[in-house]
Amino acid sequence: MQNNLRYRVGGLRVLGCLSLISALSFSGCATPTRIPLETSRRDSFTSTESVVGLRQQEIAADIARSNVSAATGGGLIGAIIDASVENSRAKKAEGVIVPVRDALVGYEPGAVLAEALRQELTSLAWLKHDAVVVRQAPDNKSLPGWIEKSTRDAVLFVSTDYRFTPAFDAVVVTASVSVHPRTGPLKSAIKTKPGLPGLIYSNAFSISLPMPDLPAGKLTPAEACKLWAADKGEKVRRVLDECFTELPKMIAFDLEQAAPANNALYAAPDSQTEYVLLPTPGAPVPVMTRTFAVGDSSKAFVWRRHPGGELSAMRK
Amino acid sequence: MSRLFSTAATLAVVAAGFGAGCMAPARLNLANAAPISQSPPASAPGTTIVACAPIEDKRLDPEVLGLVGGRPFSASEVSGWVLRSLTGLTSRSFSVRPAAGVENPPVTLRPRLLKVYVDSIRGTKTAVVVLEVAFVEASGREATLIYRGQHAGINWGSDEAEVTSALQKALGKCADQLRVDLDAQLARIAPRT
């Protein structure tokens with residue numbers, strides 16, 4: 001089931017994608033959303049602590065959007081139908097996901113991510129990273145307080161979300177990552193981003209992994225959840241472990257990558273137009289966009305750079 | 001009439017969707033929020049007194065509940081709220097009381113609070129409570145069960161009252177399951193007590 005996600009996303013109705021495609025076409029004149037860490041600032045790091053912020057307490061369900069409103073050209077009636085359909089879908093999703101959540105009771109994604117982050121960031125000697133804490137953080141409102149109370153000169157904040165795709169055939173992990181100076185010379189390099197304290201780096205990441213040994217043929221969400229939950233959640237635990245281990249590798253890689261000249265969008269000669277998940281906080285958005293491979297191609301995952309600078313990963 | 005109600009309900013969802021994400025954080029007061037049970041209350045609570053030990057709160061943050069429609073919710077004293085609900089649990093065969101005031105109970109409950117949160121998927125809000133309860137018999141025999149109560153319903157406006165109500169219903173479902181298990185447990189050990 002290689003590229004399962006692309007297959008699935010490619011199966012979206014055309015109308016559903018049109019808005020995304022058109023939205024993307026506007027990004028041609030935009031600037032990157034990624035704020036790279038200036039290479040010259042690396043010598044200014046004296047001590048860094050990571051804060052892993054978990055947006056939720058359990059794996060989340062997602063639902064396919066109802067597109068009646070779009071199909072009928074907008075209007076209140078279409079919006080009412082969409083809301084009603086989506087409420088029904090959400091209730092069903094919350095019901096079928098229960099066995100998986102039960103199987104994950106006791107699984108601590110924060111601990112897995114924190115340990116992987118500790119290992120990967122230690123390899124960046126210039127970051128002087130020496131601590132990771134895990135917090136419940138559904139939003140970024142507590143971040144200024146955590147930065148203020150930190151005993152390090154900089155805080156790397158990883159706000160992460162993990163959920164199933166609407167068909168429950170894959171797990172998607174997204175993360176918004178930012179670096180915030182607390183004291184010292186890095187304070188002079190601060191940039192601004194809405195909803196976040198002053199920062200010197202910011203980017204968004206997503207990883208999508210399909211169910212291991214996904215049976216051929218279409219599974220209902222209930223059937224898929226039963227498979228995810230089997231053997232005390234062996235499949236879902238394995239996939240989450242892989243995602244939370246891969247994410248810190250992407251972060252460590254990205255912290256050392258420079259920006260394109262003149263603040264241009266990210267592009268490469270081998271850019272391909274394809275459906276990928278654009279990492280957005282909470283729920284990644286499937287888009288047709290031009291991305292290109294980055295990182296070490298010998299790894300099990302392929303990393304794709306989006307025009308805005310975001311990174312997404314899929315299994316090869 | 002029901003169609004009219006349904007349309008009104010959905011309109012509220014649509015309207016709520018436009019306002020989502022720009023509301024002030026809400027801090028819930030759960031002091032008087034009793035669990036909303038699906039089972040009828042016991043007409044005459046049983047005379048067997050079951051003890052309930054203090055709750056061990058295993059959550060990362062004792063106050064954060066989550067986001068509904070983009071609005072952050074929190075509450076203090078969540079574990080106290082759950083404990084009060086458990087110590088008020090009754091059936092025709094038992095009444096649960098705080099362990100401190102009970103001598104030689106046939107069963108002592110040792111609850112651990114694993115999850116309490118609210119969330120939303122588009123226009124639907126959800127509330128979830130997950131409890132792990134160890135049943136410790138006077139003989140020393142111990143069994144542990146996990147209880148999950150959840151509620152999903154239309155998110156009318158991400159307000160405090162509806163989110164509190166959703167949490168009450170979620171906790172009520174935990175309490176209903178626990179009541180059934182405790183009845184069965186007491187029936188099983190009755191000859192030995």
Side-chain angles (χ1 to χ4, degrees), chain A residues 52-66 69 75-95 97-99 101-111 114 133-142 161 163-164 166 195 281-283, chain B residues 3 6-18 21 24-25 58-68 70-74 112-132 144-156 166 170 173:
Chain A
V52 170
L54 297 174
R55 291 205 189 107
Q56 75 263 53
Q57 293 187 31
E58 291 191 290
I59 191 166
D62 204 353
I63 56 169
R65 283 184 183 276
S66 172
S69 182
L76 188 57
I77 299 296
I80 289 169
I81 294 170
D82 283 341
S84 180
V85 168
E86 288 179 354
N87 182 49
S88 171
R89 287 178 183 169
K91 282 185 168 182
K92 282 182 188 162
E94 283 295 312
I97 200 175
V98 166
R101 286 179 175 164
D102 283 346
L104 285 175
V105 165
Y107 179 79
E108 295 183 13
V133 292
V134 182
R135 309 272 192 196
Q136 198 70 58
D139 55 23
N140 300 332
K141 290 197 169 55
S142 300
D161 173 289
R163 62 186 57 233
F164 284 112
Chain B
R3 183 179 295 175
S6 175
T7 305
T10 314
L11 271 175
V13 174
V14 175
F18 288 117
K58 302 297 288 180
R59 295 171 301 149
L60 264 180
D61 189 304
E63 298 194 349
V64 170
L65 291 174
L67 302 178
V68 175
R71 186 180 194 191
F73 282 84
S74 63
R112 300 168 87 199
L113 190 52
L114 303 181
K115 322 271 178 195
V116 179
Y117 65 91
V118 293
D119 198 358
S120 56
I121 309 178
R122 310 270 154 69
T124 301
K125 65 174 178 297
T126 59
V128 176
V129 177
V130 184
L131 272 172
E132 182 184 84
T144 301
L145 290 171
I146 290 177
Y147 296 92
R148 174 182 296 276
Q150 65 180 52
H151 172 78
I154 287 176
N155 178 25
W156 297 88
K173 286 173 183 167

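Since the model is a prediction, treat every value here as computed from it, not as a measurement. Residue numbers start from 1 in every chain, and the chains themselves are labelled A, B, ... in the order their sequence lines are given, proteins ahead of strands.
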### Message
As an exercise: rank Gln136(A), Gln57(A), Glu86(A) by heavy-atom pairs under 4.5 Å with chain B and give me the winner.
### Response
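Looking at each of Gln136(A), Gln57(A), Glu86(A) in turn, Gln57(A) comes out on top.
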### Query
Who among Leu54(A), Ile63(A), Val105(A), Asp139(A) has the most heavy-atom pairs with chain B under 4.5 Å?
Ile63(A)
#### Entry: Sidechain N-carboxylate O distance under 4.0 Å for Arg122(B), Asp62(A)
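Yes, Arg122(B) and Asp62(A) are salt-bridged.
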### Note: Arg135(A)-Asp61(B) ion pair, threshold 4.0 Å (strictly below)
no
### Task
Count the heavy-atom pairs under 4.5 Å between each of Leu114(B), Thr126(B), Asp119(B) and chain A, then report the option with the highest count.
Thr126(B)
Testing the basics here: between [X] and [Y], what is the closest heavy-atom pair and its distance to 0.1 Å?
X         : Y         : result
Asn87(A)  : Gly153(B) : OD1-C, 4.1 Å
Ile121(B) : Ala61(A)  : CD1-O, 3.9 Å
Gln150(B) : Glu94(A)  : NE2-O, 2.7 Å

### Query
Take atom CD in Glu108(A); do more than 12 heavy atoms of anything else shown fall under 6.0 Å from it?
no
### Message
Which atoms of Val128(B) are under 4.5 Å from chain A, going by heavy atoms: the side chain, the backbone, both sets, or neither?
### Response
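Looking at Val128(B), just its side chain touches chain A.
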Separation between [atom1] of [X] and [atom2] of [Y], rounded to the nearest 0.5 Å:
X         : Y         : atom1 : atom2 : result
Leu67(B)  : Lys141(A) : CG    : NZ    : 7.5 Å
Ser88(A)  : Ile154(B) : OG    : CD1   : 10.5 Å
Arg101(A) : Ile146(B) : CZ    : CD1   : 14.5 Å

### Query
Going through the distances and angles, do His151(B) and Lys91(A) end up as a side-chain contact (heavy atoms from CB on, under 4.5 Å)?
CA-CA 9 Å; His151(B) 172 78; Lys91(A) 282 185 168 182; over 6 Å; no
### Query
Under the side chain to side chain donor-acceptor pair (under 3.5 Å) criterion, do Gln56(A) and Tyr117(B) qualify, and how do the steps go?
CA-CA 8 Å; Gln56(A) 75 263 53; Tyr117(B) 65 91; over 6 Å; no
### Message
Please classify the contact of Ala137(A) with chain B as side chain, backbone, both or neither, using a heavy-atom distance under 4.5 Å.
### Response
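Ala137(A) has no heavy atom closer than 4.5 Å to chain B.
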